[in-house]
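Scroll down for the structure; my scribbles are underneath it.
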Amino acid sequence: MDLITKDSAPPPNFIRYIIEEDQKTGRFDGRVVTRFPPEPNGYLHIGHAKSICVNFGFAREFGGACHLRFDDTNPAKEEVEYVDSIQEDVHWLGFDWGPHRYFASDYFDTLYGFAETLIQKGKAYVDSLSPDQIREYRGTLTEPGKESPYRNRSAAENLDLFRRMRAGEFADGEHVLRAKIDMAAPNILMRDPTLYRIRKTAHHRTGEAWCIYPLYDFTHCISDSIERVTHSLCTLEFENNRELYDWVLNQLEIYHPQQIEFARLNLSYTVLSKRKLIELVRGGHVAGWDDPRMPTISGLRRRGYTPESIRTFCKRIGVAKRDSMVDIALLDYCVREELNKRANRVMGVLRPLKVVIENYPEDRTEELEAINNPEDPSAGARQVPFSRELYIERDDFMENPPKKFFRLAPGREVRLRYAYFITCTDVIKDENGEATELRCTYDPETKGGDAPDGRKVKATLHWVSAPHALEAEVRLFNHLFLTENPSAAKGEFTDHLNPDSLEILPDCRLEPSLAEAGPGERFQFERLGYFCVDKASAPDLPIFNRIVTLRDTWAKIQKKAQKG
RNA sequence: UGGGGCGUCGUCAAGCGGUAAGACACAGGAUUUUGGUUCCUGCAUUCGGAGGUUCGAAUCCUCCCGCCCCAGCCA
């Protein structure tokens, strides 16, 4: 089912205005070509999802194309593992680049040729300063830099040196190729930026073919040009690079796309920088890139988020130039919204409390009908077994209930969903005074959940028949960080990790129909939240991940009461 | 103190000279065999600040203030 086409039109934003204007004036011959250019040096996260939705979204909206291009110009950091995961994630999100999959490394020959062109035009030179010297010569934010003594080598000498760089005659760092622009430029990026460096490192695609590699500013604009990209959409931190982007293409006098910058996504209670994400993985703070607490696409996928909900989220946050921090509650809302319509309901008890119905026959089992999804009549109904011994949620019983607690308590009558009204008659406790078992009676007249005499109860509880229950492990996830913006907080961002971000409940009891559920299947556990069968789940040890809780008014009331 | 950007509700975000959309969050209420869903209702006399132009300004001008980015042979 392609839900993408059903997505309603996104709200207006400044980039659409630009594209619409270009369409009107016939700029780029009415074409719209965008690109998503990840460097294969890490896993994609929800910040990338925004960029993917923006780029593929505009392409689709205007009947154009969006290229997937791997920006693989730094062999030291890049690996095939990452290109595989990136492709999987983009597809999973629901986007298709069709035949347009490219690698910057495919352009190495062309790039090299353009570099020689620049040299011949006197617009690039081989510099032999050390990295430290280059830094010193660059000047500072307020002081101009000074020119390298090698800046005025002849074109012939530069060409010779550059060819010998390529031939491997020099060691790493001995020479670089630099653009000859202006060492006094107020934009530091224009102070003779480095175009090529020597790196005697094997590349994941080109192997040993090269020992010099082009840098981003030289590669990106030319790659866009080669691919006839029209609108090169990137994040705000590249605003300073635009001047250089334009400079290179102007010197080369080749096709010239327009670079447009928008704000990257920041999400509360998590981090979205590759460096920090890598640190979480390598530091063992999470179980891996696809740990369900991670904001990576693979983490969200394993957790149970749907691609549709992530797309909806990206549409709702909009596209603008303002630095912002989006409330993660909006992401929660987007999944709930979708799963409410799509997920079948089921009953599962996370923290079991035994209940014995004293007046219910010991040898009896009834099959009760339960509706699969009240939001979707076509989802039908199922049978759920009921018997004398049940489990209910510990939180659904209180011996000394406060004012607004409507659930089970001594002497109180409540409804068991789709079953009967029961009344608690006795509480059996352990030596610590902890309730271990409830003795109850049921009213046979209330089968199905309605009392013929019209009497009401204030609560309906979920339950599972003890002898029929499926034992399972359930993993609850909470915010990875305790603070809204860990990157801005004092100390190391890892100081702010939430010690309770993962809670494993090893002894849960679920209704038997769940035995059929396979990895990736999602359900609403009534009154609790949405859950997804984990990829490591097995018949002998079913594992469910909590995607997100249901909205919980009772929890709010409790919190308010606590604050007093 | 150089250059490039950005400042509209708690959080995102429309608005582009005609008198502040929408969403999330939050707060009430109704319906409910999920304290879920759904449904109502409320929530910026004001757009970083101060001046100015105009019949009229969030939108135009001036000055000021605040925040972000740039000194990798990373992207």
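These values consider heavy atoms only, across backbone and side chains, with no hydrogens, waters or symmetry-generated copies. Every chain is numbered from 1 and lettered A, B, ... according to where its sequence line falls, protein lines coming before strand lines.
Here the nucleotide nearest the side chain of A:Arg322, chosen from B:rA71, B:rU34, B:rA13, is B:rA13.
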task = Mark up nucleotides 19-26 of chain B, 5' to 3', with B wherever a protein heavy atom is under 4.0 angstrom from a base atom, S wherever such an atom reaches only the sugar-phosphate, and - elsewhere.
result = ----SSSS

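When Watson-Crick and G-U wobble pairs are counted only if both distances are under 3.5 Å, B:rC6 pairs with B:rG66. Under the Watson-Crick or G-U wobble criterion, with both distances below 3.5 Å, B:rU34 is left unpaired in every strand shown. For B:rG51, the paired nucleotide is B:rC61, the pair qualifying as Watson-Crick or G-U wobble because both relevant distances are below 3.5 Å. In this structure, B:rA75 forms no base pair with any nucleotide, since neither Watson-Crick nor G-U wobble geometry is met with both distances under 3.5 Å. The nucleotide B:rA23 finds its pairing partner in B:rU11, both defining distances of the Watson-Crick or G-U wobble pair being shorter than 3.5 Å.
Residues from residues 180-188 of chain A with heavy atoms under 4.0 angstrom of RNA chain B, sorted by number: A:Pro186, A:Ile188.
In this view, A:Arg455 and A:Glu413, A:Asp443, A:Asp453 satisfy the salt bridge (charged side-chain N to carboxylate O under 4.0 Å, His left out) rule, not counting sequence neighbours. By the salt bridge (charged side-chain N to carboxylate O under 4.0 Å, His left out) test, A:Glu279 pairs with A:Arg275, sequence neighbours left out. Not counting sequence neighbours, the partners of A:Phe406 by the side chain to side chain contact (heavy atoms under 4.5 Å, CB included) test are A:Lys458, A:Ala459. Shown here are the ring-ring contact (aromatic ring centres under 6.0 Å, His included) partners of A:Phe238, two or more places apart in sequence or in another chain: A:Tyr216. Listed by chain and number, the residues in a salt bridge (charged side-chain N to carboxylate O under 4.0 Å, His left out) with A:Arg163 are A:Glu116 (sequence neighbours excluded). Remark: A:Asp217 engages no residue in a side-chain hydrogen bond (donor to acceptor under 3.5 Å, both in side chains) (not counting sequence neighbours). Every residue two or more places apart in sequence or in another chain was checked for a salt bridge (charged side-chain N to carboxylate O under 4.0 Å, His left out) with A:Arg282, and none qualifies.
The glycosidic torsion of B:rG72 lies within 90° of 0, which places this base in the syn conformation.
Here A:Ile134 lies in heavy-atom contact (under 4.0 Å) with a base.
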task = Check step by step if salt bridge (charged side-chain N to carboxylate O under 4.0 Å, His left out) holds for A:Glu526 and A:Arg417.
result = CA-CA 10 Å; A:Glu526 292 211 34; A:Arg417 176 140 239 226; 2.2 Å; yes

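Residue ring and base: A:Trp554 counts as stacked with B:rG35 (centre distance below 5.5 Å, interplanar angle below 30°).
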